[in-house]
Amino acid sequence: MRIVFMGTPDFSVPPLEALVDAGHEIAAVYTQPPRPAGRGKKPRLGAVHARAEALGLPVRHPTSLRDADTRAEFAALDADIAVVVAYGLILPQAVLDAPARGCLNIHASLLPRWRGAAPIHRAILEGDASTGICVMRMEAGLDTGPVLMRRETGIAATETTGDLHDRLSDLGAAMIVEALDRLDTLAPDPQPDAGVSYAAKIDKAEAQVDWTAPAAEVDRKIRGLSPFPGAWCDIAGERVKLLRSRAAEGQGTPGEILGGFVVACGDGAVEVLEVQRPGKRATSAGDALRGMKLPARLDLRPNGRA
């Protein structure tokens with residue numbers, strides 16, 4: 001098929017590569033414009049932009065799809081279908097209607113569970129036992145279109161958002177190739193009205209660990225916000241990111257260090273397995289403790305205000 005591919009972050013790269021490897025013609029790749037990054041704030045290409053250029057594919061990065069000229073340029077590509085994966089811009093109806101066979105979206109949840117921007121984070125934060133990928137025919141509503149294919153996968157007890165992100169990206173890549181091969185025989189399954197939930201964008205204000213919360217909730221926060229934005233706590237004036245954890249035995253005053261990097265919570269305890277200090281690389285908690293002394297009790301609030 002002649003495809004317009006629309007995606008921006010790392011999650012979207014394996015599906016793009018899979019479509020190229022399957023022999024489809026990529027008429028154009030649409031992605032978010034380069035963003036200022038790093039200390040110098042120089043524009044940096046997104047992951048899809050960089051990969052598309054490496055593959056020799058034409059790249060377009062409009063700031064919006066709403067103006068008439070941009071819509072006309074999109075329609076002029078005369079695509080059979082558009083494949084959309086974490087693109088980041090709303091597709092107006094004129095864009096949805098332009099490809100001869102419409103637009104398909106790879107969404108990282110079992111719709112209608114977790115429509116919206118952060119389905120992988122929210123699935124772990126809320127303690128879901130499983131999640132998956134849906135290939136959906138797009139319509140004007142937010143992730144409301146009928147589902148053509150769905151695959152479920154369990155969420156492991158120690159899995160982080162980063163781990164699950166990579167697994168679901170690969171699953172979505174395999175599924176979109178299969179979906180295009182079977183497009184004539186797949187029956188659209190309308191989403192039910194029951195069970196709808198929305199995965200709001202992650203706010204950095206959510207990231208501070210509250211040691212008075214139950215251990216299960218603290219563990220999910222650490223894993224669900226890893227690697228970005230990273231759950232954190234204050235240790236001797238440093239904002240230390242906590243990137244991996246697991247439930248642990250023990251009970252004590254919230255924030256109390258029970259040994260190693262085992263921390264008492266409001267109910268139960270959590271063992272921190274991986275951390276990142278400011279300006280340093282992520283490392284195992286054991287390695288970090290060789291150069292960082294933990295207090296007897298971690299502050300419940302930053303700057304020493306318990």
Side-chain angles (χ1 to χ4, degrees), residues 9-10 35-44 117-118 120-127 157-166 199-306:
D10 291 338
R35 306 293 188 194
R39 293 182 179 178
K41 297 299 181 183
K42 294 182 179 180
R44 180 180 296 173
I120 302 176
H121 293 83
R122 296 297 174 193
I124 292 181
L125 287 169
E126 293 300 316
T158 58
E159 200 159 23
T160 67
T161 284
D163 299 333
L164 187 55
H165 166 286
D166 293 348
K201 185 178 179 181
I202 297 297
D203 189 326
K204 289 185 178 181
E206 299 178 61
Q208 183 182 357
V209 172
D210 176 6
W211 299 110
T212 67
E217 183 179 321
V218 172
D219 176 50
R220 294 198 306 265
K221 173 168 282 192
I222 292 171
R223 292 184 296 107
L225 298 184
S226 175
F228 181 83
W232 63 273
C233 70
D234 186 89
I235 301 176
E238 284 188 351
R239 181 176 289 200
V240 178
K241 288 186 178 182
L242 313 178
L243 299 177
R244 287 188 184 273
S245 61
R246 64 187 174 196
E249 297 291 331
Q251 190 73 43
T253 303
E256 181 183 352
I257 301 299
L258 302 178
F261 213 140
V262 178
V263 189
C265 301
D267 177 18
V270 163
E271 182 180 7
V272 177
L273 302 174
E274 185 176 331
V275 303
Q276 185 175 14
R277 299 175 68 182
K280 299 182 181 296
R281 294 183 178 181
T283 184
S284 71
D287 286 345
L289 289 177
R290 294 188 181 96
M292 176 179 67
K293 184 176 180 180
L294 295 178
R297 179 170 174 254
L298 297 178
D299 292 326
L300 304 185
R301 295 171 185 257
N303 303 319
R305 296 192 301 274

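Atom-to-atom distance recorded for Glu159:CD and Ile120:CD1 is 10.0 Å, nearest 0.5 angstrom. Atoms CZ and CG, from Arg244 and Asp219 in turn, are 11.5 Å apart once rounded to the nearest 0.5 Å. Remark: Trp232 CH2 to Arg239 CZ distance equals 4.0 Å, nearest 0.5 Å. Annotation: the span from Cys233 atom SG to Gln208 atom CD amounts to 8.5 Å, rounded to 0.5 Å. Within the model, atoms NZ of Lys241 and CD1 of Ile222 stand 13.5 Å from one another, a figure rounded to the nearest 0.5 Å.
Under a 3.5 Å cut-off, the side chain of Lys204 and the backbone N or O of Gly230 do not form any donor-acceptor pair. Under a 3.5 Å cut-off, the side chain of Glu217 and the backbone N or O of Lys221 do not form any donor-acceptor pair. Put simply, the side chain of Thr161 gets close to the backbone of Gly224: a donor and an acceptor are under 3.5 Å apart. Judged purely by atom type and a 3.5 angstrom limit, His121 uses its side chain to pair as donor or acceptor with the backbone of Phe228.
Partner of Val218 under the side chain to side chain contact (heavy atoms under 4.5 Å, CB included) criterion, chosen from Val270, Leu242, Asp210, Val263: Val270.
A salt bridge is absent between Arg281 and Asp287: the closest approach of a Lys/Arg side-chain nitrogen to an acidic carboxylate oxygen does not fall below 4.0 angstrom. Salt bridge status for Glu126 with Arg220: absent, with no side-chain N to carboxylate O gap under 4.0 Å. Between Arg246 and Glu274 no salt bridge is recorded (no basic side-chain N to carboxylate O distance below 4.0 Å).
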Self-check item: Working for side-chain contact (heavy atoms from CB on, under 4.5 Å), residues Val262 and Ile257
Solution: CA-CA 6 Å; Val262 178; Ile257 301 299; over 6 Å; no
Practice problem: List the steps and the verdict of side-chain contact (heavy atoms from CB on, under 4.5 Å) for Ile202 and Leu225. | Solution: CA-CA 8 Å; Ile202 297 297; Leu225 298 184; 3.9 Å; yes
Exercise. Using the side-chain contact (heavy atoms from CB on, under 4.5 Å) rule, take Leu294 and Leu289 through it: C-alpha gap first, then chi angles, then the decisive distance, then the call.
Key: CA-CA 8 Å; Leu294 295 178; Leu289 289 177; 3.5 Å; yes
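Summarising the geometry of Gly268 relative to Ala215, their closest heavy-atom pair is C-CB, 3.8 Å, with the distance given to 0.1 Å. Closest approach of Ser226 and Leu243 over heavy atoms only: OG-O, 2.8 Å. Minimum heavy-atom separation, Gly255 to Trp211: N-CB, 3.6 Å. Shortest non-hydrogen contact noted between Gln251 and Asp267 is NE2-CA, 3.8 Å. Contact record, Glu271 with Ala248: N-CB, 3.8 Å, taken as the closest heavy-atom pair. Contact record, Lys293 with Ile235: O-CG2, 4.3 Å, taken as the closest heavy-atom pair.
Residue Arg35 places its CZ atom among more than 12 non-hydrogen atoms of other residues, nucleotides or ligands, all under 6.0 Å distant.
Taking 4.5 Å as the limit, every side-chain heavy atom of Leu298 sits out of range of all side-chain heavy atoms of Glu256.
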